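This report concerns only the one structure given below.
For clarity, every value in this text was computed on a predicted model and none was experimentally measured.
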Amino acid sequence: MKIYLYCLCLLSIVTNHKVTAQDKRLEIPVRLGFDQMYMAPVSKDGLVVCNKSRKVVGKWLVEYVFRKYNQDLNKEWTIKSVVKRNLPFIDYTYSARTLYLLFGKAQSRNYQIIKVNVQAGFSEKFDFFFLDKLNIQHFTAVNNNVYIAGMLQGEPAILHTNLILKKTKILSLSFKGRAIIESLYLDTLNNFVNATIVSRHRGETKVLLKSYVKGKEVRSIQLPNEDDKYLQDAQVIATGNGEQLVVGTYSQYSERRAHQGLFVGRLTAKSKLRSPHYYSFNDLKNFYGHLSEREQKRISRKILRRRKRGRKEYPVQSKILLHRIIKENDQYLAVGEMYYETVRVVGGAFFSPRNFPQQRIPREWEYSRAIGVSFNKTGRMLWDNVIKLKRVKVPKLYPMTIVKPRSDSSCFVYYYLDEVFSKNFKGSKKGGDVKPKKLNTNDENDDVRENIRVQARRWFGDAYLIWGYQRIRNKEKGRRKVFFVQKMRFGEN
């Protein structure tokens, strides 16, 4: 699952905030359409917000202001840095209490990296130049080693840069056919940088996993396919003693069709794949739990009938947007939204991808439900559960659901259309009903008229963040537009 940075538009550089002891809410007066601001949650260290100021610092330079807030959303420090005007922000990554921000164009030879020490509150700037234009798609960094992945001269490439030595090299990738770099992320336990390369050769998809330390390849393995089980992507997470847990998705067909289930395996310290297992979505206890009992029984009969006749599995009609695998209380949690494409046409009608008019209007994606599956470090499934996502349609795929597993009562949470929805459950038991909750301010006289570009994201421990814009009308103070950050806890009603 990848870390995202959210773009916010603010007018004021000097921010005002208020925090209560109950819900920890930060409010900043704004006017939409002016200064850009970015926010980066940095785990237990709090969060960092930055924006491009209006101060003139040079003909080709712009100034960025960084502000650090603690867990209670109280400001701790403010620093400034200068960036070239023609280099917009691309992405950020956080590791070892250091925030790395990448600035550059989508296809550029020049880029800059701002390195911010979150604890001490100071920054450093690094400038780099490529001989060829790079279409940047992924970015991560650890201990002054920066990795940038993308397309270079039409081929996938990973570039490693040492910020101290200021040396850049292209890391070798071995594959057949055409390929893409599906993901690039950090293993915080071993300080490995893991890359997933998905290639397609002679109609068959192959998944290649690579790990790097200080720009050197330390692990490379190609995951095997089986009959009627073709891997579509995969990711790894460290489990200790040099071993890693592999979790991915597979399909019944070589083409990138609907996902049929999850692939789980264990990588030894010697890069040997052990205990591979395919968990079909049809075998999960709660995969169809969002449907009525009548529909569940009907699908169960179809699944059983196909197995008795020796045919292929009952086909799943959607794909899963698999988040980054996380470790929680000796469990390894896989969470993802099941989605399918809908094509919108004039008049509001919807068609399946196989049967749509010739003149297509911008696509939409519909989420049907989110699933959570827990594994132990050997890959054995512990439990699974589901939450229904009712009529959730988005123009762009993004992780929406967050899960907090606990021994007594776990919780699903997601935000959509002005409400926060949650569901408590325990293990594979059905759990309670999905409960909606309105986003409230600290003032009982406030009336929230509109929520704009609101996002929800897991933060640390039992806490998660919700942030975005609100248009508020107050009976005594009048109207105001604010950017808000609200700290909430799993299981709150």
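Qualifying salt bridge (charged side-chain N to carboxylate O under 4.0 Å, His left out) partners for Arg219, counting only residues two or more places apart in sequence or in other chains: none. With sequence neighbours excluded, the residues forming a side-chain contact (heavy atoms from CB on, under 4.5 Å) with Lys176 are His201, listed by chain and number. Under the rule for a side-chain hydrogen bond (donor to acceptor under 3.5 Å, both in side chains), the partners of Glu328 that lie at least two apart in sequence or sit in another chain are Lys404, Arg458. The side-chain hydrogen bond (donor to acceptor under 3.5 Å, both in side chains) test applied to Thr161 returns Tyr111, Thr168, not counting sequence neighbours. In this view, Tyr339 and Trp365 satisfy the ring-ring contact (aromatic ring centres under 6.0 Å, His included) rule, not counting sequence neighbours. Shown here are the side-chain contact (heavy atoms from CB on, under 4.5 Å) partners of Glu450, two or more places apart in sequence or in another chain: Ile452, Arg471. Residues passing the salt bridge (charged side-chain N to carboxylate O under 4.0 Å, His left out) test with Arg449, sequence neighbours excluded: Asp447. Qualifying salt bridge (charged side-chain N to carboxylate O under 4.0 Å, His left out) partners for Glu76, counting only residues two or more places apart in sequence or in other chains: Lys68. Here Arg85 pairs with Val62 under the side-chain contact (heavy atoms from CB on, under 4.5 Å) rule; sequence neighbours left out. Residues meeting the side-chain hydrogen bond (donor to acceptor under 3.5 Å, both in side chains) test with Gln153, sequence neighbours left out: Asp132. Looking at residues two or more places apart in sequence or on another chain, you find no salt bridge (charged side-chain N to carboxylate O under 4.0 Å, His left out) involving Lys84.
Lys115 contributes atom NZ, which lies 12.5 Å from atom CG of Leu101 (distance to the nearest 0.5 angstrom). Once rounded to the nearest 0.5 Å, the distance linking CD1 of Ile180 with CE of Met151 reads 9.0 Å. Summarising the geometry, atom CD1 belonging to Ile181 is positioned 6.5 Å from atom NE2 belonging to His138; distances are rounded to the nearest 0.5 Å.
Judged as a salt bridge (charged side-chain N to carboxylate O under 4.0 Å, His left out), not a single pair has a partner in residues 156-168 (not counting sequence neighbours).
Within the 4.5 Å cutoff, side-chain heavy atoms of Val420 are placed close to those of Ile466. Side chains of Phe175 and Pro156 form a contact here, defined as non-hydrogen atoms less than 4.5 Å apart.
A salt bridge links Arg480 with Glu27: the distance from a Lys NZ or Arg NE/NH1/NH2 to an Asp or Glu carboxylate oxygen falls below 4.0 Å.
When the shell of 6.0 Å around NZ of Lys44 is examined, it contains 12 or fewer heavy atoms from other residues, nucleotides or ligands. Within a 6.0 Å sphere centred on NZ of Lys214, heavy atoms belonging to other residues, nucleotides or ligands number 12 at most.
Considering all non-hydrogen atoms of both residues, Ser81 and Ile114 come closest at OG-CD1, 3.4 Å. Annotation for Ser374 and Gln331: closest pair OG-OE1, 2.6 Å, computed over non-hydrogen atoms. Listed here is the closest heavy atom pair of Ser211 and Phe192: CB-CD2, 4.0 Å.
Ring orientation note: the planes of Tyr212 and Tyr147 are tilted relative to one another, at an angle of 30° to 60°.
Ring centers of Tyr464 and Tyr415: at least 6.0 Å apart, outside the cut-off.
Phe103 pairs in a ring-ring contact (aromatic ring centres under 6.0 Å, His included) with only one of the listed residues (Tyr38, Tyr64, Phe128, Phe139), which is Tyr64. The only member of Ile221, Val247, Ile325, Leu267 that meets side chain to side chain contact (heavy atoms under 4.5 Å, CB included) when paired with Val236 is Leu267.
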